[in-house]
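Reviewing the structure listed below.
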Amino acid sequence: MHLGKGPMTDLNHLEHDLLNQVEAAGDEAALETVRVSALGKKGSVSELLKTLGAMTPEERKERGPLINGLRDKVQTAIVAKKETLAEAALDARLSAERVDVTLPVQEGPETRGRIHPISQVIEELTAIFADMGFSVAEGPDVETDYLNFTALNFPVGHPAREMHDTFFLAPDEKGERKVLRTHTSPVQIRTMTSQKPPIRVIIPGRTYRHDSDQTHTPMFHQVEGLVIDKQANIAHLKWILEEFCKTFFEVDQVKMRFRPSFFPFTEPSAEVDIQCSRKGGEIRFGEGEDWLEILGCGMVHPNVLRNCGLDPDEYQGFAWGMGIDRIAMLKYGMPDLRPFFEADVRWLNHYGFRPLDIPSLVGGLTS
Ligand code: 2NL
């Protein structure tokens, strides 16, 4: 019999050793390594258990409970340690992934950005004219001399061409000089030559003139409107412009004044003022005794109709044009035009519009 001190001490050593290893395991992976080394198929405790089979019954009676006891202790220690590690891991995650529900919600880019007042005003006037049955047309910024001038009844060599300080591009191989459009009217020519009347269209867009001071920038925005039909007349024009001004400036009534004027492409032509008051530097519409010029208009010149292949004895119509930048300044009280195109984010934060506040007639446009 080898029931001396040796094996007993070995078991005590092994137990001490294994329990230390279990305790020292820093995470579940390390603990699993310890488990395999002790209780796995070839683990130290499993090997000991295998020796029981070859023992005499007396030996087995004595050693069996000790070895099985060792296995149970190691197993219990591993299960307990596993729980401790899982709790510690959870605690670590809970503190690392803590969410402070009292923090204010961060604005996303779709609410942080701002709509430029020009874009806002284009949206607003598009909504107003769309409600009256107008569609929107667009065209290129670089135009032919023919579409920008000739088709609009500016005869070649005529002084009227000097009315606009035009930016010319270098002549092409045919000697033809393209221009940066000086008004959006060439898009109306394109519309009249590609669509059959009745036509009801507005054209908002960028326009260019060689001009720069407090109230002029070399690039500016216009919106023009055009109606062509068999009976379209000045009464319709006046009604459309009055409805537009009331809705755009958000007033119930506004007086308008039509002063005779000249444009090569309309006959008769008029410049239109709207009633306003100026008190303490503030302009208000729909009240007061002052007048403010806001647009030009007229009946489309028969030559323009002919240039577009329309018979002036069958069709007639009217058109108008106004500066978008200018009506934006008037409506939203901006004193200076130049910052519109300086791309200063502080200006945009002050004068810009929130992207989700979409202008609508139901909301009074600037709800
Ligand atoms: C102004 C004046 C105006 C038009 C633009 C137009 C276009 C065609 C035919 C006839 Cl194709 N007219 N446009 C008519 C009258 C005035 O603009 O002072 N704009 C800022």
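Sequence positions, counted from 1, serve as the residue numbers for this chain. Whatever order the structure lists them in is the order used to number ligands and atoms, beginning at 1. Bear in mind the structure is a predicted one, so any value in this text is a computation, not a measurement.
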Is ligand 1 less than 4.0 angstrom away from at least one heavy atom of Glu271?
no
Starting from atom 1 (C) of ligand 1, which protein heavy atom do you reach first, and at what distance in Å?
Gly321 O, 3.5 Å
Could you check whether any side-chain N or O of Asn153 sits under 3.5 Å from a backbone N or O of His301, counting only pairs where one atom can act as donor and the other as acceptor?
no
One finds that the ligand 1 atoms under 4.0 Å from a non-hydrogen atom of Thr266 are 10 (C), 12 (N), 14 (C), 15 (C)
Looking only at side chains, do Glu224 and Ser185 share a donor and an acceptor under 3.5 Å apart?
yes
Sidechain N-carboxylate O distance under 4.0 Å for Glu250, Lys331:
yes
Please list the nearest protein heavy atom to atom 13 (N) of ligand 1 with its residue and the distance rounded to 0.1 Å.
Glu224 OE1, 2.6 Å
Do Glu314 and Lys230 meet the salt-bridge criterion of a basic N to acidic O distance under 4.0 Å?
yes
Within the 4.0 Å heavy-atom shell around Met192, which atoms of ligand 1 are there?
11 (Cl)
Within the 4.0 Å heavy-atom cut-off, what Phe265 brings close to ligand 1 is both
Can you list the atoms of ligand 1 that are under 4.0 Å from a heavy atom of Cys297?
15 (C), 16 (C)
Nearest-contact summary for atom 18 (O) of ligand 1 - protein heavy atom, Å:
Gly296 N, 3.9 Å
Is the closest basic N to carboxylate O distance between Glu143 and Arg190 below 4.0 Å?
yes
Between His183 and ligand 1, which part of the residue brings a heavy atom under 4.0 Å of the ligand: side chain, backbone, both or neither?
neither
Taking atom types as modelled and ignoring hydrogens, do the side chains of Asp229 and Tyr315 form a donor-acceptor contact shorter than 3.5 angstrom?
no
Side chains of Arg306 and Asn303 only: does a donor on one sit below 3.5 Å from an acceptor on the other?
yes
For atom 20 (C) of ligand 1, closest protein heavy-atom neighbour:
Gln222 NE2, 3.3 Å
Check whether the side chains of Ser277 and Asp290 place a donor and an acceptor atom closer than 3.5 Å, and report yes or no.
no
Taking heavy atoms and a distance under 4.0 Å, where does Leu152 meet ligand 1: side chain, backbone, both or neither?
side chain
Side chain, backbone, both or neither: His301 near ligand 1, heavy atoms under 4.0 Å
neither
